[in-house]
Amino acid sequence: MPELPEVQALAAFLDERAAGHAFASLRVAAISALKTFDPPLSALEGQRIERVRRHGKFVDLDTGGPHLVFHLARAGWLRWYDEVPSTPVKPGRSPLALRVRLDDGSGFDLTEAGTKKSLAVYVVRDPVEVPGIARLGPDPTAPDFTLADFAAVLDGRRTQIKGVLRDQSVFAGIGNAYSDEILHAAKMSPYALAAKLAPEQVETLYTAMRETLAEAVAVASGRPPAELKDAKRRGMRVHGRTGQTCEVCGDTIRQVIFADSTFQYCPGCQTGGKPLADRVLSRLVK
């Protein structure tokens with residue numbers, strides 16, 4: 001799933017190439033992807049894009065009037081064209097969800113692999129009309145998001161820190177992959193309770209979060225969409241590396257399996273050498 005660093009890079013890429021151009025046409029191939037009807041998709045045609053920015057994991061193409069907002073979900077992606085294909089867009093079993101053509105012939109496709117379709121496209125007058133954006137918590141990379149702000153967010157949350165970091169209403173933009181990386185950098189168990197963290201642990205976690213995300217944003221910055229997935233994978237130290245050796249301590253990276261996802265961690269770095277039980281057992285291995 002694209003997370004804050006990749007979505008930031010996509011927004012910057014589109015801002016560089018699409019801002020200043022008008023929408024020439026927008027064609028939906030997956031009706032289920034379009035989540036709004038007022039304004040209609042056609043309201044964007046002829047509108048000039050003023051800027052492109054990110055809200056959490058959402059990309060917002062702002063015309064100064066209606067906004068085209070999309071969320072790539074777990075298996076969605078953006079494919080850019082200097083010249084958009086002229087083949088007609090036909091609803092069906094293709095990965096294509098939406099094709100956007102700009103006034104200079106360039107544009108992009110939004111695609112989604114797999115059978116579970118979660119990619120979402122919105123046409124709104126204001127981004128806060130998108131429910132997911134309205135619920136977003138603070139941006140953890142914002143210059144004015146301080147250690148004190150971070151501590152205040154964690155205070156009283158008697159839930160596991162892994163889930164807190166992933167909750168978009170708590171921190172906008174962090175998902176499964178970067179929460180794994182942040183916790184590994186902080187040498188903290190994913191099952192640690194947020195409210196029970198000591199002040200020095202909160203500071204360590206805050207620093208790990210800021211540095212991990214800043215490094216990932218720097219790696220993604222300036223890359224075209226086609227390169228972002230591979231760059232993300234190469235930068236991961238624990239996420240997606242089950243069974244491999246931890247570069248920090250030499251222990252074997254392990255995973256915990258949920259109903260619809262998994263997370264990875266290093267026992268040597270994060271849990272005192274003790275493996276965590278699979279979540280289906282609902283307990284730690286003692």
Side-chain angles (χ1 to χ4, degrees), residues 1-17 52 54 56-59 70-81 95 108-114 118-119 139-141 162 165-166 168 171-190 204-258 260-271 276:
M1 176 186 290
E3 298 180 29
L4 186 156
E6 296 78 46
V7 177
Q8 178 64 43
L10 286 174
F13 179 90
L14 288 176
D15 191 56
E16 180 180 344
R17 286 162 176 78
V52 184
R54 174 185 62 82
K57 300 179 190 177
F58 293 83
V59 176
F70 63 84
H71 188 291
L72 293 170
R74 177 171 295 181
W77 200 244
L78 181 147
R79 180 175 182 179
W80 175 263
Y81 299 100
F108 59 90
D109 287 347
L110 297 183
T111 63
E112 186 171 24
S118 302
L119 185 148
D139 187 324
T141 64
K162 168 73 177 179
L165 290 175
R166 288 188 62 186
Q168 297 302 292
F171 300 112
I174 301 175
N176 194 34
Y178 287 105
S179 58
D180 283 354
E181 296 300 301
I182 290 165
L183 291 168
H184 179 252
K187 299 185 182 300
M188 185 173 294
S189 170
T204 296
L205 184 59
Y206 172 79
T207 301
M209 179 185 70
R210 298 279 286 191
E211 291 181 351
T212 298
L213 294 175
E215 181 180 344
V217 168
V219 169
S221 180
R223 293 182 182 272
E227 296 180 7
L228 287 173
K229 290 183 181 180
D230 286 342
K232 177 182 179 181
R233 292 189 190 101
R234 288 194 300 270
M236 296 287 127
R237 294 186 175 182
V238 289
H239 184 78
R241 297 189 179 277
T242 304
Q244 298 182 30
T245 299
C246 174
E247 297 176 0
V248 176
C249 74
D251 203 345
T252 301
I253 296 168
R254 305 203 183 199
Q255 72 176 1
V256 171
I257 302 173
F258 291 84
D260 60 352
S261 67
T262 64
F263 73 76
Q264 286 78 43
Y265 69 99
C266 170
C269 290
Q270 296 174 253
T271 61
L276 302 175

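Residues: numbered from 1 along the sequence shown.
The two atoms that bring Asp251 and Gly268 nearest to each other are OD2-N, 3.0 Å, heavy atoms only. Of all non-hydrogen atoms in Ala177 and Glu3, the two that sit nearest each other are N-OE2, 2.8 Å. Nearest heavy atom pair, residue Leu276 against residue Thr271, reads CD2-CG2, 3.9 Å. Contact record, Ala186 with Thr204: O-CG2, 3.8 Å, taken as the closest heavy-atom pair. Nearest heavy-atom pair across Gly175 and Ser179 is O-OG, 2.8 Å. The minimum heavy-atom distance between Leu119 and Gly76, with the atom names listed, is CD1-CA, 4.0 Å.
A donor-acceptor contact shorter than 3.5 Å links the side chain of Gln264 to the backbone of Gly240. The backbone N or O of Pro267 sits nowhere less than 3.5 Å from a side-chain atom of Arg254 that would complete a donor-acceptor pair.
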Side-chain donor-acceptor distances from residues 209-218 under 3.5 Å, at least two apart:
| unit_1 | atom_1 | unit_2 | atom_2 | d |
| --- | --- | --- | --- | --- |
| Arg210 | NH1 | Pro140 | O | 2.9 |
| Arg210 | NH1 | Ala142 | O | 2.7 |
| Arg210 | NH1 | Phe145 | O | 3.4 |
| Arg210 | NH2 | Ala142 | O | 3.4 |
| Thr212 | OG1 | Ala208 | O | 2.7 |

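Taken from CZ in Arg234 to CD in Glu227, the straight-line distance is 8.0 Å, to the nearest 0.5 Å. Here CZ of Arg166 is found 12.0 Å from CD1 of Ile182. Values are rounded to the nearest 0.5 Å. Between Leu183 atom CG and Cys269 atom SG the span is 12.0 Å, to the nearest 0.5 Å. In this structure, CD1 on Ile174 lies 12.0 Å from CD on Glu181, to the nearest 0.5 angstrom. Separation of atoms CZ (Phe263) and CD1 (Ile257) is listed at 10.5 Å; rounding is to 0.5 Å. Once rounded to the nearest 0.5 Å, the distance linking CZ of Phe13 with CZ of Phe108 reads 10.5 Å.
Counting heavy-atom neighbours within 6.0 Å of Arg237 CZ, excluding the residue itself, gives a total of 12 or less.
With contacts defined as side-chain heavy-atom distances shorter than 4.5 Å, the pair Val248/Lys187 qualifies. At a threshold of 4.5 Å between non-hydrogen side-chain atoms, the residues Leu14 and Leu78 count as touching. Using a 4.5 Å heavy-atom threshold, the side chains of Glu112 and Ser118 count as touching. Between Tyr265 and Val256 there is a side-chain heavy-atom pair separated by less than 4.5 Å. Residues Arg54 and Thr141 form a side-chain contact, since some pair of their non-hydrogen atoms from C-beta on lies under 4.5 Å apart. The closest side-chain heavy-atom distance from Leu72 to Met1 is not below 4.5 Å. The shortest side-chain heavy-atom distance between Trp77 and Thr111 falls under the 4.5 Å cut-off. In this structure, the side chains of Glu6 and Tyr178 come closer than 4.5 Å at one or more pairs of heavy atoms.
Partners of Arg74 by side-chain hydrogen bond (donor to acceptor under 3.5 Å, both in side chains), not counting sequence neighbours: none found. Scanning for side-chain hydrogen bond (donor to acceptor under 3.5 Å, both in side chains) contacts around Asn176 gives Lys162, with sequence neighbours left out. Scanning for side-chain hydrogen bond (donor to acceptor under 3.5 Å, both in side chains) contacts around Trp80 gives Asp82, with sequence neighbours left out. Applying the side-chain hydrogen bond (donor to acceptor under 3.5 Å, both in side chains) test to Gln270 and every residue at least two apart in sequence or in another chain returns nothing.
Residue pairs meeting the ring-ring contact (aromatic ring centres under 6.0 Å, His included) criterion with at least one partner in residues 205-242, sequence neighbours excluded, are Phe150-Tyr206.
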